[in-house]
Undergrad: 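Attaching a single structure in structure tokens format; questions to follow.
This one's a predicted model, so the numbers in the text were calculated from it and none came from an experiment.
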Amino acid sequence: MILLSIEECKKFNIEVLDYDSKEIEIRENNKNMLFSVSNFLLDKKYQKYLNDLSADIPYIFVDFYKTYISEKPVSKQKVLSSIKKECHCLDVKLNNFCKKWGYERDYINNEIKNNNILLLSFVKEPSKQTFHQHFAAKWLEKLPFIEDFKELLAGGNAALHIVEGQVVNGLEERKQNYSCKSIDFFWKYTFGKKELCFYATHKYTKESGGSQDHQYNEVQNFLKEAMCCTDKNKFFFGITDGPYYNLREASFKDYRISKMDYMNKEYQSDKTKATTINIVAKDTIDIIEKWLKRNFSENEIKTELEKLNILRNNC
């Protein structure tokens with residue numbers, strides 16, 4: 001049930017999620033973080049603080065932790081442990097670089113101290129940090145018609161999977177000898193004493209290729225398994241973002257269509273749909289509206305439908 005009033009719904013704007021801008025922001029953040037780590041690793045004045053737990057840690061360490069790790073207050077040991085971990089990671093990368101290209105480590109250290117452009121080759125790529133999924137999760141949980149949103153575990157016994165229309169945990173999946181993509185997101189919508197549950201897998205893919213094509217196949221398998229679901233209070237989304245899914249590379253009958261369109265031609269049903277993050281809000285509202293009309297009287301849902309229609313227009 002939407003807790004916002006009709007007037008509040010009118011004022012609520014659902015922003016477009018922009019992965020490209022976020023990727024630039026994260027890459028810049030990763031760069032600044034690495035520059036700080038290299039300073040801690042290569043400047044001897046900081047080494048004594050990393051190796052002596054009895055000494056008071058400098059404020060620059062605390063500031064680093066709050067800026068790049070977590071704003072929540074933690075112990076001195078936790079701050080030092082996090083910085084030592086980052087220093088060790090960079091130390092290994094620099095040693096491997098020297099071994100690969102035949103440089104002396106002292107020479108590379110000196111180069112970095114005088115010109116940190118060399119460090120750019122060691123900056124973490126946002127695309128390898130699954131930031132797209134986390135970014136999408138934070139965006140989804142802000143929607144006013146979504147309740148109990150969860151970004152689910154990717155593996156292990158507690159991860160959730162869809163197998164022949166049934167939502168099962170990782171342990172049950174292995175017992176049934178299946179190997180399918182885990183469910184990434186869960187949310188629900190409640191009205192009266194009933195609830196409608198949503199499950200979604202999420203992929204962001206830019207270009208074609210081996211692993212990218214594998215991700216595409218995973219989403220197709222997810223939707224295929226979900227089509228077997230007979231529970232009228234469950235719905236499954238394959239959220240596929242990125243240019244890859246808009247490429248007209250899929251064959252359907254005698255013409256070429258995008259991968260997104262292909263998935264909906266083959267796997268869309270009253271339980272499943274392939275969509276994008278910037279369309280899923282409107283799709284969710286459409287599903288909720290149909291569910292309300294199927295389960296409640298017109299008088300019971302009149303105000304709720306009015307709110308949903310306002311929010312749909314703001315999507």
Undergrad: Would you give the length of the straight line joining atom CG of Leu196 to atom NZ of Lys234, rounded to the nearest 0.5 angstrom?
TA: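 The distance works out to 10.0 Å.
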Undergrad: Between the main-chain N or O of Lys194 and the side-chain N or O of Asn295, is there a donor-acceptor pair closer than 3.5 Å?
TA: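 Not at all, since once roles are kept as given, no pair shorter than 3.5 Å links the two residues.
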Undergrad: Roughly how far, to the nearest 0.5 Å, is CG of Asp184 from OG of Ser182?
TA: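 Going from OG on Ser182 over to CG on Asp184, the span is 5.5 Å.
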Undergrad: Would you say Leu42 and Leu80 are hydrophobically clustered, going by side-chain heavy atoms of ILVMFWY under 4.5 Å?
TA: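 Both belong to a single hydrophobic cluster.
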Undergrad: Do the side-chain N and O atoms of Glu151 and Gln133 include a donor-acceptor pair separated by under 3.5 angstrom?
TA: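 The criterion, which ignores hydrogens and geometry beyond distance, is satisfied for Gln133 and Glu151.
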Undergrad: In this structure, would Leu50 and Phe35 fall into the same cluster of hydrophobic residues linked by side-chain contacts under 4.5 Å?
TA: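 Hydrophobic grouping puts Leu50 with Phe35.
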Undergrad: Could you see if Ile239 belongs to whatever hydrophobic cluster contains Tyr216? Use Ile, Leu, Val, Met, Phe, Trp, Tyr and a side-chain cutoff under 4.5 Å.
TA: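 Shared cluster, no.
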Undergrad: Verify, without hydrogens or angle tests, whether Glu86 (side chain) and Val37 (backbone) share a donor-acceptor contact under 3.5 angstrom.
TA: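 Between the backbone of Val37 and the side chain of Glu86 there is no qualifying donor-acceptor contact (under 3.5 Å).
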Undergrad: Atom NZ of residue position Lys265 - does it have more than 12 heavy atoms of other residues, nucleotides or ligands inside 6.0 Å?
TA: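 Result for NZ/Lys265: open.
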Undergrad: Which other residues end up in the same hydrophobic cluster as Ile6, if Ile, Leu, Val, Met, Phe, Trp and Tyr are linked when side-chain heavy atoms come under 4.5 Å apart?
TA: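 Listed partners: Ile310.
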Undergrad: Rounded to the nearest 0.5 Å, how far does CG of Leu308 lie from CD of Glu304?
TA: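 Spacing of CD (Glu304) from CG (Leu308) equals 5.5 Å.
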Undergrad: Measure the acute angle between the ring planes of Phe296 and Phe191, then classify it against the limits of 30° and 60° as parallel, tilted or perpendicular.
TA: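 Correct class here is perpendicular.
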Undergrad: If hydrophobic clusters are built by linking Ile, Leu, Val, Met, Phe, Trp and Tyr wherever their side-chain heavy atoms come under 4.5 Å apart, do Phe235 and Ile279 end up in the same one?
TA: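 The answer is no; the residues belong to distinct hydrophobic clusters.
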Undergrad: Could you grab the distance from atom CG of Asn29 to atom CG of Leu34, nearest 0.5 Å is fine?
TA: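 Nearest 0.5 Å value for the CG-CG distance: 11.5 Å.
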Undergrad: Distance from Lys31 atom NZ to Ile26 atom CD1, nearest 0.5 Å?
TA: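 Output value for this atom pair is 15.0 Å.
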Undergrad: Between Tyr103 and Ile117, is there a shared hydrophobic cluster once you connect ILVMFWY residues whose side-chain heavy atoms come closer than 4.5 Å?
TA: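 Per the 4.5 Å side-chain linkage, Tyr103 and Ile117 are co-clustered.
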Undergrad: Output, in order, the C-alpha distance, side-chain angles, deciding distance and verdict of side chain to side chain donor-acceptor pair (under 3.5 Å) for Ser297 and Glu300.
TA: CA-CA 5 Å; Ser297 68; Glu300 287 178 299; 3.1 Å; yes
Undergrad: Quick one: does Glu8's side chain have a donor or acceptor within less than 3.5 Å of a partner on Ser5's backbone?
TA: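 Yes.
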Undergrad: Could you check whether any side-chain heavy atom of Met263 comes within less than 4.5 Å of a side-chain heavy atom of Gln220, counting everything from C-beta outward?
TA: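 Touching, per the 4.5 Å side-chain cut-off.
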Undergrad: Less than 3.5 Å apart, any donor N or O on the side chain of Glu147 or Thr190 sitting next to an acceptor on the other?
TA: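 Distance-only check passes for Glu147 and Thr190.
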Undergrad: Going by atom types alone, do Tyr245 and Thr205 pair a side-chain donor with an acceptor below 3.5 Å?
TA: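 Distance-only check passes for Tyr245 and Thr205.
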Undergrad: Could you tell me whether the side chain of Lys307 and the main chain of Leu4 form a donor-acceptor pair under 3.5 Å?
TA: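 Yes.
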Undergrad: Would you please say whether a donor-acceptor pair under 3.5 Å links the side chains of Asn30 and Arg27?
TA: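 Checked: Asn30/Arg27 side chains show no N/O donor-acceptor pair below 3.5 Å.
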Undergrad: Any sub-3.5 Å donor-acceptor pair from Asn221's side-chain atoms to Asn217's backbone N or O?
TA: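 Side chain of Asn221 to backbone of Asn217: a pair is present.
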Undergrad: Could you check whether Tyr19 and Asp241, counting side-chain N and O atoms only, form a donor-acceptor pair closer than 3.5 Å?
TA: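 Per modelled atom types, Asp241 and Tyr19 side chains form a pair under 3.5 Å.
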Undergrad: In plain terms, say whether Lys128 and Glu125 are close enough for a salt bridge, that is, a side-chain N and a carboxylate O under 4.0 Å apart.
TA: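 Answer for the salt bridge query: no.
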Undergrad: Give the intermediate values and the outcome of salt bridge (Lys or Arg N to Asp or Glu O under 4.0 Å) for residues Lys22 and Glu25.
TA: CA-CA 5 Å; Lys22 189 65 177 178; Glu25 178 187 326; 3.3 Å; yes
Undergrad: Under the 3.5 angstrom rule, does the side chain of Ser70 hit a backbone N or O of Lys66 as a donor-acceptor pair?
TA: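 Here the side-chain-to-backbone pair does not exist.
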Undergrad: Are Tyr244 and Tyr204 near enough that their ring centres are under 6.0 Å apart?
TA: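 They do not qualify: ring centres at least 6.0 Å apart.
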Undergrad: Before you tell me yes or no, could you show the steps for Tyr68 and Ser36 under side chain to side chain contact (heavy atoms under 4.5 Å, CB included), namely the whole-Å CA-CA distance, both residues' side-chain angles and the distance that decides it to 0.1 Å?
TA: CA-CA 10 Å; Tyr68 301 112; Ser36 294; 4.3 Å; yes
Undergrad: Tell me, do Glu289 and Leu305 make a side-chain contact under 4.5 Å, heavy atoms counted?
TA: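 Yes, side chains in contact.
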Undergrad: Would a 4.5 Å heavy-atom cut-off, applied to side chains only, mark Asn116 and Ser38 as touching?
TA: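 No. Closest side-chain heavy atoms not under 4.5 Å.
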Undergrad: Donor-acceptor pair, distance only, cut-off 3.5 Å: does the side chain of Asn264 make one with the backbone of Ala274?
TA: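 Judged by distance alone, yes, a pair lies under 3.5 Å.
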Undergrad: Set out, in order, the CA-CA distance, both residues' side-chain angles and the distance that settles side chain to side chain contact (heavy atoms under 4.5 Å, CB included) for Leu311 and Ile285, then state yes or no.
TA: CA-CA 8 Å; Leu311 290 170; Ile285 291 173; 4.0 Å; yes
Undergrad: Under a plain distance cut-off of 3.5 Å, with no hydrogens placed, do Ser258 and Asn246 share a side-chain donor-acceptor pair?
TA: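 No - no donor-acceptor pair under 3.5 Å links their side chains.
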Undergrad: Less than 4.5 Å apart, side chain to side chain, heavy atoms only: is that true for Glu218 and Thr201?
TA: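 Side-chain contact under 4.5 Å: no.
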Undergrad: If you count the non-hydrogen atoms of other residues, nucleotides and ligands that lie under 6.0 Å from NE2 in His88, is the total more than 12?
TA: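 Check fails, neighbour count at 12 or below.
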Undergrad: Arg312 vs Ile14, test: side chain to side chain contact (heavy atoms under 4.5 Å, CB included). Steps then yes/no.
TA: CA-CA 9 Å; Arg312 181 193 286 110; Ile14 300 175; over 6 Å; no
Undergrad: What's the separation between atom CG in Asp283 and atom OG1 in Thr275, rounded to the nearest 0.5 Å?
TA: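 If we round to the nearest 0.5 Å, Asp283:CG and Thr275:OG1 are 4.0 Å apart.
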Undergrad: Can a donor-acceptor pair be found, under 3.5 Å and without considering hydrogens, that links the side chain of Thr272 to the backbone of Ser269?
TA: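 Pair found, side chain donor or acceptor close to backbone of Ser269.
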Undergrad: Any side-chain heavy-atom pair from Asn233 and Glu195 closer than 4.5 angstrom?
TA: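 The answer is no; the side chains never approach within 4.5 Å.
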Undergrad: Is the shortest heavy-atom distance from the side chain of Trp101 to the side chain of Phe97 under 4.5 Å?
TA: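 Trp101 vs Phe97: side chains touch.
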Undergrad: Apply the ring pair (Phe, Tyr, Trp, His ring centres under 6.0 Å) test between Phe198 and each candidate in Trp291, Phe236, Trp187; give the one that qualifies.
TA: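 Single ring pair (Phe, Tyr, Trp, His ring centres under 6.0 Å) partner of Phe198 among Trp291, Phe236, Trp187: Trp187.
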Undergrad: Is the distance between the ring centroids of Phe145 and Tyr189 less than 6.0 Å?
TA: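 Ring-ring flag for Phe145/Tyr189: false, centres at least 6.0 Å apart.
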Undergrad: Does Lys93 qualify as a cation-pi partner of Phe122, given the criterion of NZ or CZ under 6.0 Å from the six-membered ring centre and within 45 degrees of its axis?
TA: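 No - Lys93 does not lie over the ring of Phe122 by the 6.0 Å and 45° rule.
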Undergrad: For Arg105 and Asp91: C-alpha separation, side-chain torsions, deciding distance, then whether salt bridge (Lys or Arg N to Asp or Glu O under 4.0 Å) applies.
TA: CA-CA 10 Å; Arg105 179 58 190 271; Asp91 191 45; 2.9 Å; yes
Undergrad: With sequence neighbours excluded, what pairs up with Phe61 under the ring-ring contact (aromatic ring centres under 6.0 Å, His included) test?
TA: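 Listed in chain order: Phe40, Tyr46.
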Undergrad: Any salt bridge linking Asp213 with Lys259? Criterion: basic side-chain nitrogen under 4.0 Å from a carboxylate oxygen.
TA: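 Judged by the 4.0 Å cut-off on N to carboxylate O distance, Asp213 and Lys259 do not form a salt bridge.
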Undergrad: For Phe149 together with Phe185, are the ring centres under 6.0 Å from each other?
TA: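 Under 6.0 Å, so yes.
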Undergrad: Does the side chain of Phe222 reach to within under 4.5 Å of the side chain of Ile183, using non-hydrogen atoms?
TA: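 Yes; the side chains approach each other to less than 4.5 Å.
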Undergrad: Any chance you could lay out the side chain to side chain contact (heavy atoms under 4.5 Å, CB included) test for Trp139 and Asn278, step after step, and finish with the verdict?
TA: CA-CA 10 Å; Trp139 183 88; Asn278 286 315; 4.2 Å; yes
Undergrad: Please report the shortest heavy-atom distance between Val219 and Gly238, naming the atom on each side.
TA: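 So the two residues come closest at CG1-CA, 4.1 Å.
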Undergrad: With the side chain counted from C-beta on, respond yes when Val280 and Thr284 share a heavy-atom pair under 4.5 Å apart, and no when they do not.
TA: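 Val280 vs Thr284: side chains touch.
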